[in-house]
Amino acid sequence: MFAFRLPVLLLSFLLLITTVNALHFYLDANEKRCFVEELPSDTVVEGHYRALEWADSTQQYTLNEELGIIVEVEEMETSHIVTKTRGPSDGRFTFTSHESGDHSICISTNYTSWWSSTHIKLYLDIVVGTTKPDIESDRTHIGELSSKLRDLNQKLEEVRREQQYQREREADFRNLSENTNSKAVWYSVLQIGVLIATCTWQLRHLKRFFADKR
């Protein structure tokens with residue numbers, strides 16, 4: 001049961017991050033079709049369309065290289081034109097919302113004759129992505145991290161120098177202790193030698209004194 005739920009939960013999470021709207025509709029040559037999409041500010045929207053034109057000769061919808069698609073995106077509250085592009089019958093468009101609110105996405109063809117009876121079948125996929133990254137904020141964050149890393153490296157260098165200084169002091173103290181111990185040993189040996197020499201001289205002196213008394 002858990003193994004079955006995990007992919008479902010993962011799929012639900014991915015759907016929350018990115019919204020995909022896929023549809024198809026029919027359009028006359030001189031007609032404009034609009035859709036309303038509510039978008040947060042600084043949100044990237046990508047669209048892919050594929051337009052097929054009705055051909056009487058084959059009695060089916062086919063691609064026509066002369067057919068062009070016009071995509072116009074407008075902020076409905078301010079009437080600001082976000083983007084207006086003209087592409088082939090099979091193409092893509094991308095825009096970024098500047099303000100949050102409803103946006104109208106209008107699609108029309110490059111056929112302008114009112115007497116045209118051409119019919120279009122258009123497939124449209126709209127992907128509403130995540131919000132646009134704040135590059136300036138990322139740069140500031142990276143700068144703060146770089147400053148913290150420099151401070152940390154400086155502190156580590158100070159610790160390394162302090163440890164080196166302590167090792168040098170320990171080596172100096174060890175050498176001093178060994179030198180002092182060596183001098184103490186030689187001083188003790190010298191004292192013992194003087195004591196032995198003094199005792200020997202006194203014994204000889206006493207022996208000579210008693211010999212003279214006889």
Side-chain angles (χ1 to χ4, degrees), residues 1-21 37-48 73 75 78 80 82-83 92-101 103 125-214:
M1 179 66 69
F2 180 76
F4 173 75
R5 283 184 177 181
L6 185 58
V8 175
L9 293 176
L10 181 59
L11 178 61
S12 301
F13 178 73
L14 293 176
L15 290 177
L16 290 175
I17 297 177
T18 304
T19 303
V20 180
N21 298 323
E37 190 75 33
E38 183 178 2
L39 301 172
S41 61
D42 295 328
T43 300
V44 179
V45 178
E46 297 180 358
H48 173 234
V73 180
E75 293 178 357
T78 61
H80 171 68
V82 179
T83 184
R92 298 178 179 272
F93 63 91
T94 303
F95 69 92
T96 302
S97 60
H98 302 294
E99 302 290 340
S100 60
H103 290 66
D125 294 334
I126 297 178
V127 179
V128 180
T130 57
T131 56
K132 185 179 179 181
D134 191 347
I135 299 177
E136 189 64 30
S137 177
D138 293 342
R139 289 177 179 173
T140 302
H141 183 62
I142 292 174
E144 292 176 354
L145 289 179
S146 299
S147 178
K148 291 180 180 179
L149 286 176
R150 285 194 298 269
D151 293 340
L152 181 59
N153 288 333
Q154 185 177 359
K155 291 180 180 178
L156 290 175
E157 183 65 22
E158 291 176 357
V159 171
R160 188 190 66 80
R161 287 197 298 266
E162 181 66 23
Q163 290 179 343
Q164 182 66 24
Y165 175 70
Q166 293 296 335
R167 284 195 293 266
E168 291 176 356
R169 288 190 59 186
E170 181 181 355
D172 293 340
F173 181 75
R174 183 172 59 252
N175 294 333
L176 180 61
S177 298
E178 292 176 354
N179 189 20
T180 302
N181 292 334
S182 177
K183 290 180 179 180
V185 170
W186 284 109
Y187 181 73
S188 299
V189 172
L190 181 60
Q191 283 183 328
I192 294 173
V194 171
L195 182 61
I196 293 174
T198 303
C199 292
T200 304
W201 180 80
Q202 288 180 348
L203 288 175
R204 288 183 178 181
H205 179 71
L206 290 174
K207 184 177 181 181
R208 193 179 305 115
F209 175 75
F210 286 115
D212 293 341
K213 289 289 186 180
R214 293 178 183 178

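- Summarising the geometry, atom CG belonging to Asp172 is positioned 10.5 Å from atom OG belonging to Ser177; distances are rounded to the nearest 0.5 Å.
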Next item on the list: Begin from the C-alpha positions of Val45 and Glu37 and carry the test side chain to side chain contact (heavy atoms under 4.5 Å, CB included) through to its verdict.
Entry: CA-CA 10 Å; Val45 178; Glu37 190 75 33; 6.0 Å; no
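- Nearest approach of His98 to Ser41, heavy atoms of both residues: O-CB, 3.8 Å.
- Residue Arg167 qualifies as enclosed at atom CZ: its count of foreign heavy atoms under 6.0 Å is above 12.
- Residues Pro40 and Ser97 share a closest heavy-atom pair of O-OG, 2.5 Å.
- Between the side chains of Thr78 and Glu75, at least one donor-acceptor pair of N or O atoms lies under 3.5 Å.
- In this structure, CG in Asn181 is found 9.5 Å from CG in Leu176, a value given to the nearest 0.5 Å.
- Atom OG1 of Thr94 is separated from atom CD of Glu46 by 4.5 Å, given to the nearest 0.5 angstrom.
- At distances below 3.5 Å, at least one donor-acceptor pair connects side-chain atoms of Ser188 with backbone N or O atoms of Ala184.
- To the nearest 0.5 Å, atoms CG (Leu149) and CG (Asn153) are separated by 6.5 Å.
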Next item on the list: Given side chain to side chain contact (heavy atoms under 4.5 Å, CB included), test Thr96 with Thr43 step by step and report yes or no.
Entry: CA-CA 5 Å; Thr96 302; Thr43 300; 6.0 Å; no
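- The two residues Thr200 and Ile196 make their nearest non-hydrogen contact at OG1-O, 2.7 Å.
- In this structure, the side chain of Thr198 engages the main chain of Val194 through a donor-acceptor pair within 3.5 Å.
- Here the straight-line distance linking atom CD of Glu157 with atom CZ of Arg161 works out to 5.0 Å at 0.5 Å rounding.
- Distance OG1/Thr180 to CZ/Phe173: 8.5 Å, rounded to 0.5 Å.
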Item checked: Step-by-step side chain to side chain contact (heavy atoms under 4.5 Å, CB included) determination, Ser146 to Arg150 -> CA-CA 6 Å; Ser146 299; Arg150 285 194 298 269; 3.8 Å; yes
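- In this model, no donor atom of one side chain and acceptor atom of the other lie less than 3.5 Å apart for Gln166 and Glu170.
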